[in-house]
Protein chains: 2
Amino acid sequence: MVQLAGELFAQKGYRATTVREIADAAGILSGSLYHHFDSKESIGDEILSGFINDVLADYRAAADSGGSPRDVLAQIVRSTSHTLARHRPALAMLQNDWSYFSGQPRFGYLRKALGEIERAWVTQLERGQAEGVFRADLDARLTYRLLRDVLWIPSQWRLAEGYTTDQVADALMRLVFEGITAPARSAEPQ
Amino acid sequence: MVQLAGELFAQKGYRATTVREIADAAGILSGSLYHHFDSKESIGDEILSGFINDVLADYRAAADSGGSPRDVLAQIVRSTSHTLARHRPALAMLQNDWSYFSGQPRFGYLRKALGEIERAWVTQLERGQAEGVFRADLDARLTYRLLRDVLWIPSQWRLAEGYTTDQVADALMRLVFEGITAPARSAEPQ
DNA sequence: GTCTATATCGAGATAGAC
DNA sequence: GTCTATCTCGATATAGAC
């Protein structure tokens, strides 16, 4: 039932989805929904907090792995790609209705979580610059914003645009680490 | 007045913004708004169609310039960066309430425009691959999705996250063309 | 061109029978 | 655990006075 609601929220947006539609999808009437849930808000909370907790766990695990900056970032990309895919509805909700959730006291933990995520990226990017493996002319925070967005957004596409989670993650990592420019013509296997 | 509404739509989302709030911001009462506009929808339409027309003009100009694939893409990034910045509210509306607009008959032109934009990117990416200047292993459509998103999204950030439009566009182009990896230690000026 | 109403509608949520 | 019925509220939009 939470899952049904999540699909609807992802599809039409959280605010645009009515409790009547959720009840319809579950094959009951709207009044009956309130036997299972306090409110529409609590359904949203269950979906979003579960998502956020999993994402933060990914970031903490990557940071604690003690790898090089590039390894930590690669691990973040890899592990969150799967977490984001598993929680696609939650992510879609955040993308679509962020302006709503971010203003609701009950969902204040979302802002905190994003802050932690930003700090994780910036830390690794700056470490990488200090060690000379990332371009010194990158603005760490700006780069984080670009990368986080490009990492998060594809997960919002329907699984069924024809790409697997790993395909997207691979394309993304290659893009991020190498750019789209072809290597300067050393012999490279396809 | 359209501009006032646009700011509110961008800030709180189109659906979440009430006509009373728009009227408030304009210093009149909600009833008086309808002397100036048919409906809330027509305000949204004015904002969005103006945006879409400008963006499409950028893409057509870039394609007609007859440059190399890399030049065409660079021109798209540069010109749309400014267009997106000028129309930040419209873009925010699309990001936040896409699920709503895309389902409304009146806003059907939005889907068509996105289709044209996708074709423009894919065409240039494939041309670049054919000419050997872009990595042959890139999936053109997938790459387009990643790049379009990363190009559009920063424009949604408030102008005031401390970056200028050009800073963002530069960071983006460097990221896209080179990746974040430091060049393999040839002497390079900082 | 703005005001004071007010009509209308759809939303979240509740009460109590079954 | 689901139903019917209904409450309440806030939103878009309208009508007509000033």
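Residue numbers start from 1 in every chain, and the chains themselves are labelled A, B, ... in the order their sequence lines are given, proteins ahead of strands.
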Between [atom2] of [N] and [atom1] of [X], the distance in whole Å:
X       : N       : atom1 : atom2 : value
Q104(A) : dG12(C) : CD    : P     : 13 Å
F9(B)   : dT12(D) : CZ    : C1'   : 12 Å
E41(A)  : dA11(C) : CD    : P     : 18 Å
D24(A)  : dG12(C) : CG    : C1'   : 15 Å
Y14(B)  : dA11(D) : OH    : P     : 14 Å
L29(B)  : dA15(D) : CG    : C1'   : 15 Å
E21(A)  : dA11(C) : CD    : C1'   : 11 Å
Y34(B)  : dT6(C)  : OH    : P     : 19 Å

For D38(A) and T18(A), take the nucleotide of DNA chain C holding the closest heavy atom to each; which residue's nucleotide lies nearer the 5' end?
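Residue closer to the 5' terminus by nearest nucleotide: T18(A).
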May I ask you to verify if any side-chain N or O of S32(A) is less than 4.0 angstrom from the OP1 or OP2 atom of dG1(D)?
no
Selection from dG12(C), dA13(D), dT2(C) that lies nearest to any side-chain heavy atom of K40(A)
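Looking only at heavy atoms from C-beta outward on K40(A), the closest nucleotide is dG12(C).
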Under 3.5 Å, side chain of T165(A) to main-chain N/O of A85(A), donor-acceptor pair present?
no
Give I28(A) one of three labels, base, sugar-phosphate or nothing, depending on what nucleic acid heavy atoms sit under 4.0 Å from its own.
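Sugar-phosphate only.
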Check whether any side-chain heavy atom of D166(B) lies under 4.5 Å from a side-chain heavy atom of S81(B), and answer yes or no.
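No, every pair of side-chain atoms sits at 4.5 Å or beyond.
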Contacts under 3.5 angstrom, residues 92-99 of chain B side chains, donor-acceptor by atom type, not counting sequence neighbours:
unit_1: N96(B); atom_1: ND2; unit_2: A92(B); atom_2: O; d: 3.2
unit_1: D97(B); atom_1: OD2; unit_2: Y14(B); atom_2: N; d: 2.7
unit_1: S99(B); atom_1: OG; unit_2: K12(A); atom_2: O; d: 3.3

May I have the step-by-step check of side-chain contact (heavy atoms from CB on, under 4.5 Å) for F134(A) and L73(A), ending in yes or no?
CA-CA 12 Å; F134(A) 293 153; L73(A) 291 184; 3.8 Å; yes
If you pin H35(A) and R20(A) to their nearest nucleotides in DNA chain D, which one's is more 5'?
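Closer to the 5' end of DNA chain D: H35(A).
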